[in-house]
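Worksheet: the structure to be examined is printed underneath.
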Amino acid sequence: MRPARPDAPPARTFRVTREGGYWAAVAAGLAVIGWTKTIPALLLLGYAMLAMFALNAWLARRQLRGLVAERATHAPVYVGEPVRVALRLRNDSARPATAGVSESPDGLTALVEALPPGEQTEHGLTHVFSARGVIGGAAPRIWSDFPLGLLRAETAGRPGGELVVLPAVGDVDLDGFRRWVRKQAGAEGRSRRRVARSVADRADLRGVRPFRPGDGLRDIHWKTTARRGVPFVREYDAAPDPELLVVVEPWQPATPTPADEVQLEAALSMAASLVRAWCLAAGTRVTLVVAGDEPATRASLPSEAAARFVLTPLATVAGTVQPEPPTDLGGVVSRSARVLVSSRPNSPLAAALTRATGRSFTPVAPADAPGWYRPPTPGGR
Amino acid sequence: MTADPAFRLSTYLVLALACAALGVAEATTLPEVGGFAVVVVLALAVLYRLEGRLNLLNMAAANNLGIGIALAAAAWAAVRVVREVRTGEFALLGWGAFGVLLCGPLLMAVVVAKLLRREKDAVDYWYLHAAALAAAVLAGAISRKPWEYALIFGYAVAATWSLARFALVRGGAGPARGWRAGLASAAGYFVVAAAAVTPVFALTPASPFEKWDFGPGRIEIGYTPDQALDLNRTGQVEGSSEPAFTVTAEQDGRPMVDLPPDTRWRGRAVAQYVNGGWRRDLLLKLPNLDATAKAPPDKWSPPVLGRGQYQLRFSVPLAVRGDILAEPVVWVAGQPPPVADLLPAPHPPKAWLPISDGTFLRNPGRPEKTPTFEYVQHAAPLADPDLGVGFQLRDPIQLLDPVFTHQPVNPVRTYTRQLVSKLMTAGRLSAAAGKLDLARWYADPDHHETVARAFSRYLAESPEFTYSLTLTRPRPELDPVEEFLEHTRSGHCQRFASALVLMLRSVGIPAVLVHGFKGHEPLGDGRYVVRQDQAHVWAAALVSRRGADGVVTWYWLSLDPTPAAGGDDEAAGGATEAGWKWFWDKFLDASPEERLAAIGELARNPVTHAIAGGLVGLVALGWVVRSYAHRAAGEAAWLDPLLTELRRHGFTPETGETAREFAGRVRTALVARPATAAVAEVPMQWADGYYQERFGGTPLAPDRRAALDAGLVSLRAALAVPHPG
């Protein structure tokens with residue numbers, strides 16, 4: 001790591017600290033008393049204190065030369081998930097610097113003594129966020145009140161490094177979800193067989209095996225059962241799940257009540273939980289579509305990181321009175337299980353989507369309390 | 001918060017230095033405060049050692065302790081106030097300043113009580129620093145000695161250090177790496193600040209307000225003809241180096257350059273001792289002489305005084321308001337007076353008027369306004385200069401004004417009788433001389449001179465008496481002379497001379513106190529200056545000698561009982577004291593003009609040149625060493641990636657080896673290995689890049705830098721291949 005010539009320093013501000021104010025007042029008082037009463041020691045002491053005040057200003061300003069501060073980048077996190085938020089401070093000057101870096105007036109702050117030239121230090125703390133959103137983004141502040149803390153010189157670090165906080169996620173019983181989707185689709189008039197093939201394809205028969213509790217009666221291979229005298233069931237190769245298309249409807253009335261806010265957050269948590277569970281357990285692509293004033297579509301192959309990427313739009317989505325159905329969903333509609341997660345029960349958007357795409361969308365709202373979903377508990381994931 | 005060792009140490013140091021400075025500063029005035037400061041400093045040392053191992057007090061207990069200490073301090077202050085009401089010991093100081101001084105122990109007690117508190121947060125440390133600052137400010141207001149200022153300076157450096165550590169601790173920085181962390185830089189900051197304010201201080205105009213003398217009584221040595229001599233005063237005796245008057249000595253028309261260095265310059269004599277002081281006599285009725293000098297009818301001509309006669313031409317500022325004459329004043333009965341005013345031309349010299357008591361009176365009025373009194377004294381060496389010129393008394397000695405033998409302090413009388421016995425026992429006084437009149441306990445008049453000389457010698461030479469410029473009154477209820485003789489046995493010339501006068505009067509020897517000067521400073525060509533700090537007090541006793549023909553001749557015998565300079569603390573201070581006095585008078589307690597003059601004087605002094613040259617040399621040396629260190633650090637930083645990689649494989653630069661030499665050596669080794677032959681040039685490429693940027697002043701192009709990084713990656717890969725050797 002080579003020390004480089006620092007860039008032109010950004011604008012700096014000065015602020016007299018509370019201690020500095022007292023210091024200056026005492027120093028001036030001593031000087032005045034020392035002068036009026038001809039007490040050389042007091043006059044000298046007062047002058048020296050004032051000189052230290054000025055020296056503090058000069059040294060504090062000098063410390064900031066060549067310092068770069070930035071927020072450490074971090075993948076999106078869920079509400080309730082512990083995350084280490086960190087600030088980095090790098091010294092690009094040719095001399096050691098004693099300075100601090102702060103995230104915000106009340107946020108993370110750290111002071112480093114004599115950071116060597118060319119070196120970098122990182123300071124952070126573990127944080128648990130209680131609400132979704134985008135945290136930070138503004139430039140951290142670099143400050144120094146070296147050496148006595150009487151004046152504080154401040155300058156801006158580099159902006160960026162926002163932390164996306166996703167909605168809290170609950171527990172999803174993915175098999176139950178699959179069955180629920182199949183059931184809901186069946187209720188729309190489709191043939192049971194077709195739904196079964198599209199949602200849970202069991203085309204590739206591998207062989208038979210003894211019956212285990214939980215196996216369906218439909219899977220009993222009667223011939224083998226009769227021949228062996230004990231129940232045998234068919235065993236299939238795992239067929240790939242269909243893709244999942246989750247459409248989120250952030251509906252809210254024109255004048256939302258706190259209960260409406262709760263419903264919206266619950267809907268977003270449900271959608272996030274679904275997508276995450278799908279990404280962790282299933283092997284097929286997931287697509288998230290946010291209807292509303294700021295429509296967004298994100299899709300990815302399943303993984304933990306992909307879930308966070310796909311769910312990013314939910315961090316900032318706001319409630320809307322009349323969400324427009326998303327357009328141009330493309331071929332994903334035909335190859336996916338389609339779910340509409342809404343903040344209101346029996347959302348009319350499902351019908352609208354069905355009309356627009358020719359495919360049925362299964363609506364669900366937190367108020368429906370489906371059996372396959374357990375919402376996040378407050379204060380935890 | 002106390003996990004930072006440097007902060008802990010610096011905080012305790014601040015408190016200890018502030019308390020020590022206050023204790024030392026107040027010790028002269030209130031000796032018990034000095035003792036209390038010693039206890040506090042020791043307590044701080046113990047607390048520093050035991051903190052962390054000791055279960056300190058909780059908040060309530062610490063508060064109770066503080067209240068207890070405060071009550072004890074208040075009780076002590078009350079005792080002091082009562083004593084002050086009874087004795088008026090600090091009357092010169094004033095009640096306001098005295099009350100502030102009484103707060104000193106309370107400040108120190110607060111420091112200890114606060115430290116004993118178990119839970120201390122930032123506010124507590126601020127309070128501690130505030131208490132220390134208050135103590136230092138009080139010490140600064142009192143202090144006038146170099147070591148007192150040194151303590152305050154040490155406090156300021158320690159406070160800078162501690163506050164710097166405190167700022168880091170408050171900000172959440174990690175603990176210091178060592179207990180001295182930041183000390184050198186803090187000291188540097190304070191020195192820089194002090195140096196920066198010195199010119200501002202020098203140019204600060206003098207205050208038009210009344211000076212507030214916060215410290216103990218400061219007794220200015222100087223000739224004060226209009227003031228009484230008060231022996232009750234305590235404090236530090238200080239002299240001003242201001243010239244009092246100048247003298248030009250001539251002998252046979254040539255400058256006289258061998259004027260005795262211990263010449264005494266007689267000013268005013270006083271005889272009334274009242275309440276521990278010498279009251280100024282409006283008219284001192286000395287005994288009349290049988291024959292005196294004779295006033296010239298018109299034109300004055302110097303008397304003929306015999307072999308070695310010389311003349312002293314005085315130039316005395318009007319402010320001195322004294323008729324200063326060199327001792328002994330030699331005159332001859334019937335001849336013109338030896339002293340005459342030198343009037344501006346065309347006026348001839350005008351003789352002083354001879355008085356019947358043997359003294360001479362200056363002519364009243366001056367024909368023209370002049371800034372100084374100019375007069376001439378003719379003198380001649382005598383066999384015994386202390387004895388002066390003998391004379392016969394016109395009136396019997398019994399008619400002598402009783403003021404010359406009035407001795408109001410009975411304990412001194414007792415002391416004197418015991419001393420006579422002691423001197424007789426020691427063989428320093430003959431039985432005849434020591435025989436006292438049983439009625440009045442007076443000595444035989446024929447032996448007055450012997451007794452007087454013995455007393456004077458005893459005071460001047462006895463080891464139990466010491467000369468000191470620090471005047472204390474531990475027993476203010478006693479008469480100052482009694483206290484001096486019986487208890488302190490320490491003081492300045494006024495105490496010695498006063499004691500001798502009262503001792504002489506105790507045995508019936510008439511005596512007066514003479515106020516004047518002693519010594520001079522040659523200016524060359526027979527010119528001498530006598531300064532205010534050469535003011536001196538001695539005694540004069542009226543003694544007689546009986547001649548072979550039975551005729552009694554009287555003398556005013558000058559007796560100087562003050563121990564000779566060299567054994568006193570003034571001499572012990574030596575050059576340091578003198579230097580500090582100069583610094584105080586010319587810089588600290590001076591006007592801007594005096595400060596600038598002092599700076600100019602320093603600038604012309606070769607010693608200053610040598611010191612400044614040495615400092616510049618040291619700074620230059622430090623700069624060179626630091627630049628070398630920086631260069632080495634820069635080299636290490638630039639080449640660090642390469643050196644780190646090579647070090648892993650056993651290639652380490654040798655002492656004194658340049659980067660290029662090292663790269664060449666590594667290249668040779670790499671070429672010898674098949675796996676690394678292809679990358680053997682990489683170290684040399686790095687060295688070339690380093691030389692270009694470091695010494696060539698040409699920054700490397702980004703592509704060249706990228707090529708170096710890529711080469712390093714290749715080198716790393718090649719070196720990772722196992723080498724059969």
Side-chain angles (χ1 to χ4, degrees), chain A residues 1-5 17-19 22-23 26-27 29-56 58-60 94-95 98-100 102 109-114 116-119 121 123 143-150 152, chain B residues 126 130 133 136-137 139-144 148-149 152 156 160 163-168 170-174 176-177 181-182 185-186 189-190 192-198 200-201 204-214 584 587-590 630 633-634 637-638 640-641 693 699 705:
Chain A
M1 211 175 288
R2 301 181 196 102
R5 194 171 187 79
T17 63
R18 190 180 55 175
E19 295 86 354
Y22 289 137
W23 178 282
V26 169
L30 285 179
V32 168
I33 293 173
W35 178 72
T36 53
K37 298 299 178 187
T38 319
I39 305 174
L42 261 60
L43 183 58
L44 275 171
L45 200 57
Y47 278 172
M49 286 176 72
L50 289 173
M52 292 299 296
F53 191 81
L55 190 67
N56 194 151
W58 180 67
L59 286 172
R95 52 173 61 90
T98 297
S102 297
T109 185
L111 175 62
V112 188
E113 181 186 2
E119 289 202 3
T121 180
H123 293 268
W143 55 268
S144 178
D145 53 10
F146 181 79
L148 298 181
L150 308 177
R152 174 174 284 207
Chain B
W126 277 120
L133 178 64
V137 164
I142 302 168
S143 298
R144 292 190 75 168
E148 293 168 349
Y149 265 71
I152 295 171
T160 307
L163 289 172
R165 296 306 315 172
F166 191 25
L168 290 169
R170 285 199 321 271
R177 293 192 182 94
S185 52
Y189 297 145
F190 185 77
V192 166
V197 302
T198 300
V200 183
F201 177 76
T204 301
S207 167
F209 302 100
E210 185 186 356
K211 184 176 179 179
W212 195 5
D213 210 352
F214 218 129
W584 179 275
F587 192 78
L588 287 180
D589 194 8
H630 270 196
W638 208 99
D640 199 44
E693 194 161 273
R705 195 177 284 275

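Naming convention: chains lettered A, B, ... in sequence-line order (proteins, then strands); numbering from 1 in each chain. Just so we're clear, the structure is a prediction, and the values are computed from it rather than from any experiment.
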Point-to-point distance, once rounded to the nearest 0.5 Å, from OH of B:Y189 to CH2 of A:W58: 8.5 Å
Side chain / backbone / both / neither for B:A194 at chain A, heavy atoms under 4.5 Å: neither
side-chain contact (heavy atoms from CB on, under 4.5 Å) assessment of B:T204 paired with A:Y47: CA-CA 11 Å; B:T204 301; A:Y47 278 172; 2.8 Å; yes
Side chain / backbone / both / neither for A:F146 at chain B, heavy atoms under 4.5 Å: side chain
Distance (rounded to the nearest 0.5 Å) between A:I39 CD1 and B:D589 CG: 10.5 Å
Closest contact, heavy atoms only, B:G171 versus A:L111: O-CB, 3.4 Å
B:E148: partners by side chain to side chain donor-acceptor pair (under 3.5 Å), with sequence neighbours left out: none
Heavy-atom side-chain contact between B:F587 and A:P40 under 4.5 Å: no
Verdict with reasoning, A:L50 to B:V197, per side-chain contact (heavy atoms from CB on, under 4.5 Å): CA-CA 9 Å; A:L50 289 173; B:V197 302; over 6 Å; no
Chain B contact via A:L150 - side chain, backbone, both or neither, heavy atoms under 4.5 Å: neither
Partners meeting side chain to side chain contact (heavy atoms under 4.5 Å, CB included) with A:T17 (sequence neighbours left out): A:E19, A:R152
Nearest-0.5 Å distance, CZ of residue B:F201 to CG of residue A:L44: 4.0 Å
Between B:V192, B:T198, B:L168, the one whose heavy-atom pairs under 4.5 Å with chain A are most numerous: B:L168
